[in-house]
Each structure stands twice: as structure tokens, then as C-alpha cells.
Number of protein chains: 4
Amino acid sequence: MLDVETTLPRKEREFLRHRREILMAAEAVFSEKGYISATMEEIAQRAEFAVGTLYKFFDTKASLYAEVILMRMSELEEESNRALEEAVGPGERIRNCFRSRIDQFWKNPGFFRFFYHGPVGAISEANTGFLPEIRERYERYLDRLREVFAEGIRNGEFRPLGEGLMALSFEGLLQVYLERLSGQESPDRRQQEEDELLSIFLNGVSV
Amino acid sequence: MLDVETTLPRKEREFLRHRREILMAAEAVFSEKGYISATMEEIAQRAEFAVGTLYKFFDTKASLYAEVILMRMSELEEESNRALEEAVGPGERIRNCFRSRIDQFWKNPGFFRFFYHGPVGAISEANTGFLPEIRERYERYLDRLREVFAEGIRNGEFRPLGEGLMALSFEGLLQVYLERLSGQESPDRRQQEEDELLSIFLNGVSV
Amino acid sequence: MLDVETTLPRKEREFLRHRREILMAAEAVFSEKGYISATMEEIAQRAEFAVGTLYKFFDTKASLYAEVILMRMSELEEESNRALEEAVGPGERIRNCFRSRIDQFWKNPGFFRFFYHGPVGAISEANTGFLPEIRERYERYLDRLREVFAEGIRNGEFRPLGEGLMALSFEGLLQVYLERLSGQESPDRRQQEEDELLSIFLNGVSV
Amino acid sequence: MLDVETTLPRKEREFLRHRREILMAAEAVFSEKGYISATMEEIAQRAEFAVGTLYKFFDTKASLYAEVILMRMSELEEESNRALEEAVGPGERIRNCFRSRIDQFWKNPGFFRFFYHGPVGAISEANTGFLPEIRERYERYLDRLREVFAEGIRNGEFRPLGEGLMALSFEGLLQVYLERLSGQESPDRRQQEEDELLSIFLNGVSV
DNA sequence: AATGAATGAGCCTTCATTCAT
DNA sequence: AATGAATGAAGGCTCATTCAT
């Protein structure tokens, strides 16, 4: 990252910086208002650019939205993978990943407000245009999780149930928990709750 | 319900019937298109009423939306409560409730498409106008769940962890599982998966 | 026409009247400003309706434009055909048609301002969506002209040249002449000029 | 032209060359897209200059458009005049001019696509800003034509009708014919048609 | 209650033009 | 003269809501 910032010509650095500024502004507005209620006008103001400028960076509102999500999903995938890799043994990996996911939430709680809810009518045809990429990325992450569960099943650490269901359950617990945190007036982190939740899950899947 | 239908004067019976027809049409359109993409025009057509008529029954699109959800949540609450009551012992109650929730999904899969996702930015301020009531109702249902878990903790059937977290986990598993079913092209019910999921959960919370 | 006006239910009569009012307003604005510079806003104002109302009658600005032209082309075709039918003998028919076309111009000079020029970029793909119908209609009219010329060639009244070229020439003279009239500050009709023009043409194609 | 290129200082020569490059690019884009759909952006790309540079040479899009037309009209005028001068006798001059005009079309068919159609509503007030010059130039060419016809009328070669109408007719036939060629998928030149058309015209105006 | 034509505010998007470098 | 990122006004279109019948 630092390399990029320093080696690229000034013009390109500025381009990337502006692009990033717009993405940040968009993320803020999307998470406050939701996809539909957010207006390009407001995003532009927040980013301190004119509306037209947004369109130099992103073709449509929808693609700007997709890019915001993709940007965060890349981070999520990256860090989750790191967490899975770093630990030794399936149980420890899952434990590590769980904590990493919660850490990530605390870095940017606003994002999860619309990550889990997707664009309006995520299922509707209207949006199939840009959702596939996001879903794909998510599935890739789930695949990685499944591998770890499969590994745990093989070595007898986890119960011989479907590794897909395990991954799904893992995500379900996280999703519901993070949603509740997002909804709190002044969210504060509670270590004990996290440990208990993880314990429920691991107890559930372990032999 | 039957009582209502038969004892009320014809005028009022018709009023209720029309109201219900509109709600059903709205549910269908909302679940197909999502909140934003759904138009009052289309709902009116589906209900075989004029647009103006919809406004005799519901003040705004948002309130119609809320009423659709509230209608289904009443059923959900009712049936879930029945399931919790019918069984004996905390574990059995949870098991029964889990199955009931899945039964309910299969009665009306479309509904869950937008129940979990809520309107655009269900959590956002923009929608706080009609969400409170829904959240309240949901909390009431969660409370009932928590009681059961608390009971199980007291009698040593469940582990001595937070009953709130247990309820949350229960919902998380269900939500993620039902979402996946909704997303399937031609959703089909798989008994074994359901049993495994329940087993993971109960294993997780049980001593 | 009268039948239509009197036998249709009031609602439908109003619908047609409003539709016609919008078409007239649109024609006026299109002929003053041209297709692109004309705005739906201004057309709406001129028609004394709200913008939204225009879209109840016409799907897009382009289709409104096409309908304006189609409406006038129907009249043009109808009256030209009448003129061709009424006279006896090819020469007389053409003579009659020529006069009819000029009469039609004087009934509505504004229309021809954009009829001959077509929408911006009439040739561009962007407009191929709605032009075909107009072009078809025009070709049908040209076909009728060609028949008359062919008839004249067969009976030795016209020279044995291509009837297509004759029809084209006929249209060329009219177009250029009407354009010049449109461009005049205060157009006034000059009988002698018309006769001379017709004479040039008939002399050109006659034996 | 060559003189200009060689005698002027390098700076000025470059200026003129760049100006010409922009004009050519503009002509290409205008003829492909039409005035409105053409964008300064695309013209700039085609000319391999930055948008801003275009504005160093031409104040507005409209004036660039006008200059493109003026450039071609100068050639048209020049060559038509040569054609009129070269031949001997009114009839022969017109014949020569007719052929010259068609030659010119084949040198640059694209240009005529928008020459005859003008910008959006060439006749409309919106565009009167830059049209006058074009119209003037065109009138000058028509004047020259009229002189030839007047000459022919005086010497008894042409019929004693208005020379203005004759010039108009001449233009009408050309316009319609060239338009039809422009519209063809793969335009090909047909000598016989041209001869017939010319014959119709000359027959029409000759004694 | 029922109708549905009419309303008009609001939003995404385009693109000619400017200006700091 | 050359650049091209930034501007922002303007326009087509949608749709929740109203109101006269």
C-alpha cells in the first residue's frame, strides 16, 4: 500500500485518493440512509465533489454501491483468511476467525448495517446486474470456512455432520450478533458475550 | 377469527375482507419486488382495487408494509408460542419451536425474503417511523424464548450461559438457514439438514 | 370522427381529448424548439398538465415525438391519396397531389419545420427505435406516387424513365419549396410560383 | 494552400494544422452521431487532443459545428463555381454543376448527412446564433446558380420562368437524391440514374 | 368505500465549459 | 497552446399521494 502511494505518479495518486474519498463518503451515506434513500447529491457533498465528478469514477449509483461493498469484502476476506491461516488446528482456526470477524466489525460498524441487508431487493432481478460479484466473493469466503470444518471432521475434532451447515451456522451466529451490536445506541464491546457465543458454537460442532 | 367474521355487520365484514385482500396482494408484491421496487399501482392491480382505495385502508406505503409484516408476525408469534407451550421441558420446547418455525417458512416462503431484510435500511433512521412496533413485537417473541432458555439453565439442562445469547443464536441459525432456502431456485425441504442444524444448536447449549 | 366523439363514454372521450391536447402542445413546442431543445416540462406547461400526466399518455419523449409525426403523416397520406384518386389521368393526378400537398402545408406550416428534418440524428442508431414506423409510412406514400408515374409511363403520357426517380423528384421539389416557405418571416402564398414549379416538374417528366 | 503552409512561421503552421485536425475529427463524429449526440469528449479523442484544447480553437460546440460546415461549404462553393465557369452555355453549365455536386458527395458522403439536416432544428431560433453565416454562404451559391439560369432565360435556352424557382428545383432534386444515397446501406454510384435525373430537370426548365 | 386521472417533487445521469497546472 | 479533472445546471422519468366524481 505504502509503495503504491509513493511510487505512482502524482496524478494517479490523486486519482486513487479521490476515488477512495468518494468510496468513504458513499459508505457513510449508504449506511445512514440505505441504498435507495441515499442520493448521489448527498454523497457528492459529503465527499466534497460535484455530482458529475462521482460519475468520472463510477458509472452508476449501483456500481458505486457495489464497489463500496467489494472494497470492504476484500478486507474481510483478506483478514479472515489470515486469521484462519495463522492458527493451528481446525478448532483454533475457527476461534481465531470468529474473533477476527468481530474485530473487523469494530473497525467499521457502519458497514455491516447494509452489508447484511444488501441493496434493496437484493433478490429482485433489478439488481442481479451487480450482485453476482458480491455473492461470488462471499461464497469464496464460505468455501474457505467449509474446508476448515471438513478438516476438523476428518481429524475427529468436529462431529461428522455437514461442513456446509457448520459454516452456515457460524455465519448465522456472527450475523445476528453483529446486527444486534449495530442496533445498539452506543455499542460497546463485551468480551464475555463473545466468548460465550463462541463457546456455544464450538460446543455445538465439536465432538 | 370465525366469530369475528360471523358476528360483525356485513359492512364491517366486507371492510375486513378487503383489508385482508390488500394485505395479501401487498405481501406478494413486496416479496417479489422488495419494498422500494414495489409500487402502489401494482399492489392495487393485484388486489383488484384502485390505487385510491388502498389509501382508505392504509395511510402510506410504509404503513401498508408495516401492517403486512405485523400480520405475519402475529401468526409467527402465535404459532411459536403454541409450539413452546405444547412440549414438555426446555429442550423439547426449543426443538418444537425450531420445527414450527421451519413449518411456517414453508407455508409462506416469500414472506421471509423481506422479513429478514426489512425495508431499505430497516435500521436506518429513515424508517424508524414504523419499525418500532415491529421490533417490539419481535422482542416480545425473543423474551418468550429467553424464558425457556432460562428455565433450561435453572434445571441444569442447558449450560449456565446468558439466555439472551442462546435466544440470539437460535434466531441466527434459523435466519441464515431460511435465507439460504429462500435463495434456492426451487427450494426443497431436507429433513436431515434440519435435524443436523438443530443438533448443532442443542449440542452447543446443552450441558 | 364525430361518431367517435359522441358514442364513446365520457371517460374515453376525455382521454382522447387530453391525448390530443398533449399532441398539439408537443407539436407546437417541437416545431419551435426542435426535438432536443424541447423539454417535457415545457410541453406539459403548454398542454396545461403536469409532467407526470404526459407519461400516462406517452411512454417516452421519443414516442410522443413519433406520435406527433405519425398523426400528421396519417392526414398527409389520407389527403394525398384522395387528391390522387379524385383526378383522372396520371398528369392530372400528380397536379392535384402537388396542390394538395401545398394546401396541407398552409394548414399547418409549423409541422413541416421538423417533419423534413426529423429528430436529431435521424440516421443515428439512437433513434432507430421509433423511426422505422415513420419511414415505412412515408415509403407507402411514395409507393402510391410511383404507381401513378408508372401508369403515366405505360400510357405514354410520361417519359420512359424510372418512376422511382420521378417520385423522388416530385418530393424534392416540394420539400425544398416548402422549406423555403417555412423559413420566410411572414410566409405568404404565391399562386404563380406554385404553378411555375409544377410546370417545371411536369415538363420535365412529360413526353 | 501550399503557400500558406510554407510561408507562415512554424508556430502558425502548427496552429492551422491542429485546427484542421480538430475540424476533421468533428466532422467525422458529427456525421456519425449527429450534432446533439456528438460530444466534445469524443471529438477530442478522435482528434487526439484534450477537451480543453478544443476550446482554444473554437469557442463553443456550436461554433465548431458551424466551422465544419463552413469549411465544406467553401469547397462546395469553389468547386461548383469552377464547374459553372468551365462549361460553355447555360445548359452545359448546369449539367456540369450537377455532376460536380454529385462528385463532391462521393468524396465525402458523411458530410451530407448533417448538412441537409442541420443541427437540431436548424431553422429554429435556438440556433440562429450561428446559422446566419451558413445561410448567407448558401445564398451566395444560389445567387450564382440564378445568374446562370437568368442567362439561359435571356438567350432563349430556358423557359421564361423564375430563375429563382429553377435554382430551387435544381437544389431540391440534388438534395433528395443525395439524401437517398446517404441512407443506403452500401451506397453505390449509378450513372444511369444520375443522367435520368438530370434529364428530368433539364427537360423541365428547357424550352 | 371506490375510482383513477392528475399531480409534482425528487433523483439519476449527461455533458458543455472552465481553470489550475 | 495543451491538459483533463472538476463543475453544476438541466432534463427525462417515476411514483407516492390527492381529490373530484
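No experiment lies behind these values; they were computed from the predicted model shown. Letters A, B, ... mirror the listed sequences (proteins, then strands); counts begin at 1. The analysis underlying the following values was restricted to heavy atoms, covering all of them including side chains, and did not include hydrogens, waters or symmetry mates.
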Can you measure [X] atom [atom1] to [N] atom [atom2] for me and round it to whole angstrom units?
X	N	atom1	atom2	value
A:Phe58	E:dT14	CZ	P	15 Å
A:Lys61	E:dC12	NZ	C1'	8 Å
A:Met40	F:dG11	CE	P	21 Å
D:Glu42	E:dC15	CD	P	10 Å
B:Glu41	F:dA16	CD	P	9 Å

Do [X] and [Y] come close enough that some side-chain heavy atom pair is under 4.5 Å?
X	Y	value
A:Glu32	A:Ser37	no
D:Phe49	D:Glu21	yes
C:His18	C:Lys56	no

Worksheet item: Taking all atoms of both residues into account, what is the closest heavy-atom pair of C:Phe111 and C:Ile69, and its distance?
Response: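 Smallest interatomic distance, heavy atoms only, reads CE1-CA, 4.1 Å.
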Worksheet item: Which atoms form the tightest heavy-atom contact between C:Ile43 and C:Ala25, and what is the distance?
Response: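 Nearest pair, atom of C:Ile43 first, then C:Ala25: O-CB, 3.8 Å.
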Worksheet item: In the 5'-to-3' direction, what one-character label does each nucleotide of nucleotides 1-10 of chain F receive under the scheme B = base within less than 4.0 Å of a protein heavy atom, S = sugar-phosphate only, - = no such atom?
Response: SBBB-BBB--
Item to complete: Return the 5'-most residue of the pair D:Thr60, A:Tyr55 with respect to DNA chain E, ranking by each residue's nearest nucleotide.
Response: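 That would be A:Tyr55.
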Item to complete: Both distances under 3.5 Å, Watson-Crick or G-U wobble: on that basis, could you give the dot-bracket string for DNA chain E, with [ ] for crossing pairs and | for other-strand partners?
Response: .||||||||||||||||||||
Fill in: C:Phe15 vs C:Phe57, ring-ring contact (aromatic ring centres under 6.0 Å, His included): CA-CA, chis, key distance, verdict
CA-CA 9 Å; C:Phe15 175 86; C:Phe57 292 85; 4.9 Å; yes
Fill in: Cationic tip of B:Lys61 above B:Phe30 ring, under 6.0 Å, 45° of axis
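The answer is no, since B:Lys61 fails at least one limit relative to B:Phe30.
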Item to complete: With heavy atoms under 4.0 Å as the rule, sort B:Ala38 into base, sugar-phosphate or nothing.
Response: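 Sugar-phosphate, no base atom in range.
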Fill in: B:Glu14: salt bridge (Lys or Arg N to Asp or Glu O under 4.0 Å) partners, not counting sequence neighbours
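With sequence neighbours excluded, B:Glu14 shows a salt bridge (Lys or Arg N to Asp or Glu O under 4.0 Å) to B:Arg10, B:Arg17, given in chain and number order.
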